[in-house]
There are 2 protein chains.
Amino acid sequence: MYTPLMITSDTSERLIESTRELLWERGYVGTSPKAIQQRAGAGQGSMYHHFSGKPDLALAAIRRTAEEMRGKAEEQFGGPGTALERITAYLRRERDVLKGCPVGRLTQDPDVMADPALRAPVDETFVWLRGRLAEVLAEGVARGELSAALDPGVAAATVVAVLQGGYVLARAADSTAPFEQAVDGVLGLLAAQSTAS
Amino acid sequence: MYTPLMITSDTSERLIESTRELLWERGYVGTSPKAIQQRAGAGQGSMYHHFSGKPDLALAAIRRTAEEMRGKAEEQFGGPGTALERITAYLRRERDVLKGCPVGRLTQDPDVMADPALRAPVDETFVWLRGRLAEVLAEGVARGELSAALDPGVAAATVVAVLQGGYVLARAADSTAPFEQAVDGVLGLLAAQSTAS
DNA sequence: GTCTATACCCGGATAGAC
DNA sequence: GTCTATCCGGGTATAGAC
């Protein structure tokens, strides 16, 4: 049986999970310690016993969310299929499109971006994501699946941007349709780079 | 000489401009009436004389920002050149990339999205933008500049998403580089749809 | 580890004088 | 139109009992 390396108390655990949810729904500025405590079913003293304050708790929450996001992405990147198939699987996998990206939304939070500790996991997540996608695309080129004219690093940035921007369009429209269109569009453009013909 | 149709007092004007700046920098939740007043050099009473409260002021600010955004985009869309040239001009025009999109960032503000009045201008802006870009792309197809295989509506969503997502990547990295990569990538993919060869 | 009490400032707004 | 006074609740935290 699997035993987690980091043992945290149940209360600490619930506090982190509540914070993750609230950061996703309302952002850092819009999330109060009181709201976190209430959702976690924990008292004031309990929270300040386990964490030094709001930034400390947010750090734990953001780190876990970032790690989860990388793990889920790797499920598609490391899966079977051609480069284009794996990228398609990634972009089309089930998502809470209308809730947006729990990491991407933090870039709009001035207090998160102003704190190097909170900012770091956000930065690292997107650096990793672009790099990993670039690897997948480079594999596709190396295997002759994709045109050698394709710059993997540049195309990777485009794919990630479509995803993040797709969330923005979906939230603005209160509909998943523009997200799906944006994804369809970039996949169509990439398919035109396919040498499979 | 040009005379604006809507005459507003100097104080009202400064309040709206301060609100526009703060909404851009800190979002709706992160912007307090007091901060608006201080930046505008106006007192409490003055603000509540001209506006009924924070939502009313935010509505004026958001409407103006949305209108400005459409106007600036139309400068490139309605300009000279092929469809691809106009889209390139739009995506590469000078921008405060690290500040992000003043309209797009509002989609992350739960209190804005929850208020139909505040939400409407945000929604309309992106509907307009996607529609206008689709027109430009459709012209390109009709003129034989672009492949008939290109779906203008779908590609338009992709282009807008790249822009919005590019802002996210730039803010995460604290660098304009990923924004520029994402833009280069989508322009390269669109160029491959060009029939100019 | 968790609870309650307390503190202090800020957010958002109203009231009424000038 | 603008100013000051005032209000009430919430945000964020500390202190100390249990």
Side-chain angles (χ1 to χ4, degrees), chain A residues 4 6-62 106 108-115 117-118, chain B residues 4 6-62 105-106 108-115 117-119:
Chain A
M6 184 175 301
I7 310 288
T8 55
S9 74
D10 272 15
T11 297
S12 164
E13 188 59 28
R14 286 201 313 279
L15 285 165
I16 293 175
E17 287 303 311
S18 300
T19 305
R20 297 214 306 147
E21 293 170 17
L22 283 163
L23 285 182
W24 196 359
E25 295 167 15
R26 305 201 39 85
Y28 185 83
V29 178
T31 296
S32 70
K34 176 177 288 191
I36 293 169
Q37 294 150 24
Q38 286 176 344
R39 190 171 292 208
Q44 290 266 100
S46 192
M47 181 189 127
Y48 284 102
H49 171 74
H50 291 287
F51 300 93
S52 71
K54 179 175 162 176
D56 187 29
L57 189 41
L59 180 58
I62 292 173
L106 298 171
Q108 302 302 325
D109 240 305
D111 291 5
V112 170
M113 292 297 99
D115 182 335
L118 295 181
Chain B
M6 185 175 301
I7 310 287
T8 55
S9 75
D10 272 16
T11 297
S12 163
E13 189 59 27
R14 287 201 312 279
L15 284 165
I16 293 175
E17 286 303 310
S18 300
T19 304
R20 297 214 306 145
E21 293 170 18
L22 284 164
L23 285 182
W24 197 359
E25 295 167 17
R26 305 199 42 84
Y28 185 83
V29 177
T31 296
S32 70
K34 176 177 289 191
I36 293 169
Q37 294 150 24
Q38 286 175 344
R39 189 171 292 210
Q44 290 265 101
S46 192
M47 181 189 126
Y48 284 102
H49 172 72
H50 291 287
F51 299 94
S52 70
K54 179 175 163 176
D56 187 29
L57 190 40
L59 179 57
I62 293 173
R105 78 111 54 232
L106 298 172
Q108 302 302 327
D109 240 306
D111 292 4
V112 170
M113 292 298 99
D115 182 335
L118 295 181
R119 180 210 191 87

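Quick note: numbers below take in every heavy atom, side chains included, and nothing from hydrogens, waters or symmetry partners. Reminder, nothing fancy here: chain letters follow the sequence lines and each chain counts from 1.
- Atom-to-atom, CZ of B/Phe51 to P of D/dT2 comes out at 11 Å; the value is rounded to the nearest Å.
- One atom, NE2 of B/His50, and another, C1' of C/dA13, lie 17 Å apart when rounded to the nearest Å.
- Between B/Thr11 and D/dG1 there is no side-chain polar atom (N or O) within less than 4.0 angstrom of OP1 or OP2.
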Derivation of the side chain to side chain contact (heavy atoms under 4.5 Å, CB included) call for B/Tyr28 and B/Ile62: CA-CA 10 Å; B/Tyr28 185 83; B/Ile62 293 173; 5.7 Å; no
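- For D/dG1, neither phosphate oxygen OP1 nor OP2 lies less than 4.0 angstrom from any side-chain nitrogen or oxygen of B/Ser9.
- Every residue two or more places apart in sequence or in another chain that forms a side-chain contact (heavy atoms from CB on, under 4.5 Å) with A/Ser12 is listed here: A/Thr8, A/Ser9, A/Ile16, A/His50, A/Phe51.
- Distance A/Glu13 CD to C/dG1 P: 15 Å, rounded to the nearest Å.
- Taking the side-chain hydrogen bond (donor to acceptor under 3.5 Å, both in side chains) definition, one finds that B/Arg14 meets it with nothing, sequence neighbours left out.
- Spacing between atom NE2 of B/His49 and atom C1' of C/dA13 amounts to 16 Å, rounded to whole angstrom units.
- Evaluation of the side-chain contact (heavy atoms from CB on, under 4.5 Å) rule for B/Ile36 yields B/Leu15, B/Ser18, B/Thr19, B/Leu22, B/Thr31, B/Leu57 as partners, not counting sequence neighbours.
- For the pair B/Ile36 CD1 and C/dC10 P, the computed distance is 16 Å after rounding to whole Å.
- Every side-chain contact (heavy atoms from CB on, under 4.5 Å) that A/Gln44 has, sequence neighbours left out, goes to A/Gln37.
- The CD-C1' distance, from B/Gln37 to C/dC10, rounds to 12 Å in whole Å.
- Residues satisfying the salt bridge (charged side-chain N to carboxylate O under 4.0 Å, His left out) criterion with A/Asp111, sequence neighbours excluded, are B/Arg26.
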Where protein sits on nucleotides 11-18 of chain D, one letter per nucleotide: B base, S sugar-phosphate only, - none, heavy atoms under 4.0 Å: SSBB----
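- The interatomic distance linking B/Leu57 (CG) with C/dG12 (P) rounds to 12 Å, in whole Å.
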